[in-house]
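Notes follow the structure.
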Amino acid sequence: MSEKELRRSLAVLPIGTVMKLTSLTARQIRYYESQELIKPERSDGNRRLYSLNDIDRLLEIKDYIDEGLNMAGIREIYTQKQLEKQQIKEQLTKSLTDDDVRKILRDELLRESGFGQINQASNSQPPLQKPF
DNA sequence: TTTCTAACA
DNA sequence: TGTTAGGA
């Protein structure tokens, strides 16, 4: 996470500030939390602390409600969005794996060409038993 | 003073 | 969602 993202996710705002920044009532803000649309931190004597990201999300929630969505509908949007992120992560991991495979194939070709001894030190892959 | 939980004329 | 009670 970049420092910028860390700052935006730092929960330091009390509900009173959030009310002014979003024009929502404390009742609404707490209700959206009960619907799992936001997850503010807690501290002090059980007081809620919100981050700038929470502010953005609350403003988005207002728009979604204006568009006629209910709590469940909005929640689906966010849960689906986090699933997409998870899939992107998996794809990235798969991509890196393919790159490793490419390195291995390259070294196999070098070995078969009789240049096995000039293996690059950058490749930490152990030699294969049976090159094809 | 501000915020919290729970509950409803 | 509003509003209020009773505490922290």
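Below, chain A is the first sequence line, B the second, and so on; all start at residue 1. As a basis for the values below, the full set of heavy atoms in this structure was taken, side chains included, without hydrogen atoms, waters or symmetry mates. Remember, it's a predicted structure, so these values are computed and weren't measured experimentally.
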[X] [atom1] - [N] [atom2] separation (whole Å):
X	N	atom1	atom2	result
A/L58	C/dT1	CG	C1'	16 Å
A/M19	C/dG2	CE	P	9 Å
A/Y31	B/dA6	OH	P	16 Å
A/K20	B/dT1	NZ	P	13 Å
A/L13	B/dT2	CG	P	16 Å
A/I29	C/dG2	CD1	C1'	14 Å
A/R30	B/dT2	CZ	P	13 Å

Side chains of A/Q80 and A/E84 only: does a donor on one sit below 3.5 Å from an acceptor on the other?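 Yes, because at least one side-chain N or O of A/Q80 sits under 3.5 Å from a partner of the opposite role on A/E84.
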Side chains of A/L58 and A/V18 in contact at under 4.5 Å (non-hydrogen atoms): yes
A/G16 near the nucleic acid: base, sugar-phosphate alone, or nothing, with a heavy-atom cut-off under 4.0 Å? sugar-phosphate
Ignoring backbone atoms, establish whether [X] has a side-chain N or O less than 4.0 Å from OP1 or OP2 of [N].
X	N	result
A/N46	C/dA8	no
A/R48	B/dT3	no
A/R42	B/dT5	yes
A/R47	B/dT2	no
A/Y32	C/dT1	yes

Can you give me the dot-bracket string for DNA chain C, 5' to 3', counting Watson-Crick and G-U wobble pairs with both distances under 3.5 Å, using [ ] for crossing pairs and | for partners on another strand? .|||||.|
Could you give me the CA-CA distance, side-chain angles and deciding distance for A/Y32 and A/R57, then say whether side chain to side chain contact (heavy atoms under 4.5 Å, CB included) is met? CA-CA 11 Å; A/Y32 299 156; A/R57 171 163 291 199; over 6 Å; no
5'-most by nearest nucleotide on DNA chain B - A/R27 or A/P14: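 This one resolves to A/P14.
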Show your reasoning for whether side chain to side chain contact (heavy atoms under 4.5 Å, CB included) applies to A/L59 and A/T22. CA-CA 6 Å; A/L59 293 174; A/T22 63; 4.2 Å; yes
Full working for salt bridge (charged side-chain N to carboxylate O under 4.0 Å, His left out) between A/K94 and A/E90: CA-CA 6 Å; A/K94 188 176 188 303; A/E90 291 174 359; over 6 Å; no
Side chain to side chain contact (heavy atoms under 4.5 Å, CB included) evaluation trace for A/R48 with A/R42: CA-CA 5 Å; A/R48 276 167 263 250; A/R42 290 276 184 158; 2.8 Å; yes
Rounded to the nearest 0.5 Å, how far apart are CD1 of A/I15 and OG1 of A/T25? 8.5 Å
